[in-house]
Every structure is written in structure tokens, then in C-alpha cells.
Amino acid sequence: MSQAVRFEDKVVIVTGAGGGLGRAHALLFAKHGARVVVNDLGGSTHGEGANASAADKVVAEIREAGGTAVASHDSVTDGEKIVQAALDSFGRIDVVVNNAGILRDKTFHKMEDADWDLVYKVHVEGAYKVTRAAWPHLREQNYGRVIFTASTSGIYGNFGQSNYGMAKLGLYGLTRTLAIEGRKNNILVNAIAPTGGTRMTEGLIPPQVFEQLKPELVSPLVVYLGSEQCQDTSGLFEVGGGWMGKVRWERSLGAGFDPRAGFSPEDVAAHWQQIVDFDNAAHPKDNMEALREMMANLQKYVV
Ligand SMILES: NC(=O)c1ccc[n+]([C@@H]2O[C@H](COP(=O)([O-])OP(=O)(O)OC[C@H]3O[C@@H](n4cnc5c(N)ncnc54)[C@H](O)[C@@H]3O)[C@@H](O)[C@H]2O)c1
């Protein structure tokens with residue numbers, strides 16, 4: 001039988017929790033006993049404006065259901081204020097769910113600096129600021145869970161989303177290194193690439209499918225990743241519509257050349273099929289494992 005996932009002594013920050021996926025995460029954390037900081041700036045999907053009512057409504061929903069929550073109306077780019085709200089209200093912070101996000105979709109040839117910068121600011125700098133402010137507290141108490149929100153648009157690319165894809169896969173790069181740095185202090189760090197029917201995807205997903213992709217179907221994974229039971233770190237999970245799975249890097253066995261004798265672009269061309277062949281592929285988990293084939297090639301040719 002599975003163990004109950006509970007958060008009675010835990011404080012959780014969910015950014016961008018005034019609607020969509022973040023709201024669903026916040027409600028589920030609260031249902032499982034967490035005290036929740038519901039952060040939301042309350043602007044448009046394009047990152048314009050602000051409105052305190054978004055976060056306030058979700059706090060009211062949580063309280064009506066018997067849970068404990070406070071609102072934070074700051075932008076994630078002022079991350080230290082959001083963490084301070086958790087400390088002021090609840091005296092601690094255990095889990096950070098970096099979820100706030102916007103879209104400024106444009107093909108790359110029409111991309112303007114403002115679209116590139118704003119998407120970077122909200123997704124990357126915002127997640128950095130909130131997590132950076134929480135980090136000393138997580139280290140101090142030797143416990144923490146951090147979840148970043150990536151996207152399949154970053155993993156696989158998506159037309160018109162060069163700025164968004166850059167930001168979303170950047171967050172996975174951040175996940176990998178924070179997982180390494182956090183491990184000794186029991187701070188586990190994972191990323192999700194969700195799909196959900198929210199205002200962000202309205203009009204992009206066919207209406208019947210949109211209805212079925214309920215945001216609530218993403219949250220059980222997020223709450224599990226935020227729990228003590230979860231011992232995984234450095235993971236990337238695709239999730240939506242009641243399905244979830246883990247993503248990993250795969251690298252071909254590759255081709256080795258004699259580094260002393262030298263080799264030409266023509267040699268690369270002649271071995272191309274071998275270079276891109278995924279039979280007997282490797283799945284390196286860290287830098288050391290990744291470098292193994294390269295080092296083996298050097299040794300092979302050392303006399
Ligand atoms: N819905 C999907 O299918 C999907 C797919 C991939 C990734 N995502 C990511 O999931 C996250 C949630 O998106 P959603 O679909 O629920 O969209 P949403 O627009 O409903 O929710 C995003 C929330 O973030 C808030 N926000 C925006 N900028 C903020 C800021 N500077 N500070 C604080 N709050 C801010 C918004 O007010 C909004 O409530 C985003 O990071 C998004 O990029 C969503």
C-alpha cells in the first residue's frame with residue numbers, strides 16, 4: 001500500500017499560482033496539509049499588467065476548504081520578497097515550485113529584444129531569484145525540494161517559441177547543477193514539462209482535447225516531487241492528461257579517430273552513419289560518465 005504524502009510541518013511556495021497549473025498545484029499541496037504561499041503577479045499571458053485578485057482568490061479557495069495559505073502579489077523577479085512572505089507568515093520554507101510563466105511567441109526573424117528579454121526575465125531570472133533566496137534556508141535546515149517548470153517546447157523545439165524554448169530548457173540546465181550542489185544538504189531538484197488546458201494553451205489545443213487536459217492532472221506529480229517520499233533528483237518528467245514519464249539524455253556510441261594522426265572533415269563524412277547510429281547508445285548520468293568514451297579513445301591511441 002502506498003504511504004500517505006503529507007506536508008503538516010512543511011511550507012510550500014508556488015509561483016504563478018493564481019490560475020492554471022499553479023493554482024491546481026497550490027490547492028493540492030494545501031489539501032495534503034502544506035501551508036502554502038500562493039504567489040501571482042496577476043498579469044496577462046503576455047506579461048503585461050498586474051492584479052492582486054488572482055492570488056487572493058486561490059487563497060480564499062484554500063481557506064474555504066480548511067487549508068492554510070497566504071497571498072504574495074510580487075513578481076518572481078523580486079524572488080526575495082516571495083521567500084520573505086513565507087518566512088514572515090510561517091517562519092520557514094521547504095518546497096519551491098517555480099511555475100510562473102508568460103508567452104511572447106514570434107518567429108525568430110520577427111523576434112524583438114523586448115520579447116526575448118521578458119521571457120528570459122520571468123522564466124529564468126524569476127526562477128533563479130526565488131530559488132536563490134530560498135536556498136540558504138533549505139541548506140541551513142538540511143532539507144528542501146525544488147521543482148522547475150520546463151516545457152516540451154524547450155526539449156523538442158516549437159515553431160515561434162525560440163525565446164520560450166531557450167528559457168525552458170535553460171531551467172533544466174539549472175535543475176541538473178542544483179541537483180548536484182543540493183544533494184549533500186538533502187535538497188532534491190527536479191523539472192517537469194507539463195501539458196495542460198490553461199489560458200496559455202487556449203486556442204492552441206483543439207477544444208475537446210483542451211477540456212480533457214485538466215491542470216489538476218499535472219499536480220499529483222508535482223506534489224509527489226515536493227514530498228519527503230520522493231528521493232529522485234535531477235529528473236525531467238513529461239506530464240499531462242493523466243500520464244507521466246521520465247526523459248533522459250541518449251548519446252550514440254559514436255566514432256573514434258586517431259588524435260595524433262589527425263583526421264579530416266572527409267573522415268567525419270565517411271563515418272557519419274556510425275556517429276549518428278543509436279544502436280548500443282549510452283545514457284550518461286553525469287559529466288564523468290559522459291567523458292568516458294572520449295577518454296577511452298585517447299587511451300586507445302596513447303603508446
Ligand atoms: N499549459 C501548458 O500546456 C504548459 C506547457 C508547458 C509549460 N507550461 C508552463 O507551466 C507554467 C504554468 O503555465 P499555465 O499553463 O498554468 O499558464 P497560466 O498563464 O494559466 O499561469 C501562469 C501564471 O503565472 C503568473 N505570472 C506570470 N508572470 C509572473 C511573474 N512575473 N511573477 C509572478 N507570477 C507571474 C500569471 O499571472 C499566471 O497566473 C508556466 O511556466 C508555463 O510556461 C505550461
Side-chain angles (χ1 to χ4, degrees), residues 1-15 21-22 24-26 28-29 31-34 36 92-99 101 123-124 127-128 130-132 134-135 137-152 154-156 168-196 215-251 281-290:
M1 214 176 74
S2 58
Q3 259 188 311
V5 175
R6 299 299 304 172
F7 294 85
E8 260 66 30
D9 56 345
K10 301 282 190 290
V11 173
V12 180
I13 290 174
V14 183
T15 70
L21 299 173
H25 304 338
L28 194 61
F29 271 112
K31 193 176 168 194
H32 285 253
V36 183
R92 58 184 295 124
I93 168 69
D94 301 282
V95 182
V96 177
V97 180
N98 290 294
N99 166 81
H123 291 276
V124 184
Y128 159 71
V130 179
T131 309
R132 181 66 188 87
W135 201 251
H137 302 281
L138 306 182
R139 276 171 56 91
E140 179 73 16
Q141 70 199 13
N142 262 311
Y143 184 86
R145 299 286 183 267
V146 180
I147 294 123
F148 290 100
T149 307
S151 167
T152 52
I155 302 170
Y156 305 109
K168 288 312 207 181
L169 208 55
L171 291 175
Y172 183 51
L174 182 57
T175 299
R176 296 298 299 238
T177 288
L178 292 192
I180 293 168
E181 294 186 10
R183 204 188 299 256
K184 69 176 185 302
N185 292 106
N186 192 20
I187 306 170
L188 307 185
V189 187
N190 289 286
I192 62 159
T195 300
E216 294 77 30
L217 301 173
V218 173
S219 304
L221 172 66
V222 173
V223 171
Y224 172 72
L225 292 174
S227 74
E228 264 183 87
Q229 274 92 335
C230 174
Q231 291 301 312
D232 247 52
T233 194
S234 202
L236 173 60
F237 301 87
E238 287 179 27
V239 53
W243 176 88
M244 60 196 76
K246 189 171 184 178
V247 181
R248 65 177 175 179
W249 296 118
E250 181 173 59
R251 196 194 56 206
H283 303 97
K285 290 188 194 64
D286 54 34
N287 261 335
M288 289 301 284
E289 273 189 31

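The minimum heavy-atom distance between Ala127 and Leu171, with the atom names listed, is CB-CD2, 3.7 Å. Closest of all the heavy-atom pairs between Ala34 and Val12 is CB-CG2, 3.7 Å. Smallest separation of non-hydrogen atoms from Arg6 and Glu8: NH2-OE2, 2.6 Å. When every heavy atom of Ala150 is checked against every heavy atom of Pro194, the shortest pair comes out as O-CD, 3.4 Å. Of all heavy-atom pairs spanning Leu21 and Val218, the tightest one is CD2-CG2, 3.8 Å. Across all non-hydrogen atoms, the minimal contact from Tyr224 to Gln229 is OH-O, 3.8 Å.
Judged by the 6.0 Å and 45° rule, Lys10 forms no cation-pi pair with Phe29.
Atom CG of Asn142 is surrounded by more than 12 heavy atoms from other residues, nucleotides or ligands within 6.0 Å. Surrounding OH of Tyr143 are more than 12 heavy atoms belonging to other residues, nucleotides or ligands, all under 6.0 Å away. The environment of CZ in Arg176 is crowded: more than 12 heavy-atom neighbours from other residues, nucleotides or ligands sit within 6.0 Å. Counting non-hydrogen atoms of other residues, nucleotides and ligands closer than 6.0 Å to CD of Glu289 gives a total above 12. Counting non-hydrogen atoms of neighbouring residues, nucleotides and ligands closer than 6.0 angstrom, the CZ atom of Arg132 reaches no more than 12 such neighbours.
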Exercise. When you look at Ile13 and Ile93, which way does the side-chain contact (heavy atoms from CB on, under 4.5 Å) test go after all the steps?
Worked result: CA-CA 8 Å; Ile13 290 174; Ile93 168 69; 3.5 Å; yes
For this session: For side-chain contact (heavy atoms from CB on, under 4.5 Å), just list the numbers for Ile155 and Glu238, CA-CA rounded to whole Å, side-chain angles, deciding distance to a tenth of an Å, and then say yes or no.
Result: CA-CA 10 Å; Ile155 302 170; Glu238 287 179 27; 4.2 Å; yes
For this session: Could you walk me through whether Trp135 and Leu178 pass the side-chain contact (heavy atoms from CB on, under 4.5 Å) test, one step at a time?
Result: CA-CA 10 Å; Trp135 201 251; Leu178 292 192; 4.0 Å; yes
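Side-chain atoms of Asp286 come within 3.5 Å of backbone atoms of Met288 as a donor-acceptor pair (strictly under, hydrogens ignored). Remark: side-chain polar atoms of Asp94 are not paired, donor with acceptor, to backbone N or O of Gly144 under 3.5 angstrom. A donor-acceptor pair under 3.5 Å is formed between the side chain of Arg145 and the backbone N or O of Ser227. Between the side chain of Arg92 and the backbone N or O of Gln141, no donor-acceptor pair lies under 3.5 Å. A donor-acceptor contact shorter than 3.5 Å links the side chain of Asn190 to the backbone of Asp232. At least one donor-acceptor pair closer than 3.5 Å links the side chain of Thr15 to the backbone N or O of Asn99.
Separation of atoms CG (Leu174) and CG (Leu169) is listed at 11.5 Å; rounding is to 0.5 Å. Met244 CE to Leu221 CG: the interatomic distance, rounded to the nearest 0.5 Å, is 5.0 Å. We find the CG-OG1 distance between Leu188 and Thr175 to be 12.5 Å, quoted to the nearest 0.5 Å.
Counting heavy atoms from C-beta outward, Val247 and Tyr172 have side chains that stay 4.5 Å or more apart. Annotation: side chain of Val223 is not in contact with side chain of Lys31 (no heavy-atom distance under 4.5 Å). Using a 4.5 Å cut-off on side-chain heavy atoms (C-beta onward), Leu28 and Glu216 make no contact. Asn98 has its side chain within reach of Val146: a pair of non-hydrogen atoms, C-beta onward, lies under 4.5 Å apart.
Partner Phe148 forms a side-chain contact (heavy atoms from CB on, under 4.5 Å) with one of Thr131, Ile192, Leu236 and no other, that one being Thr131.
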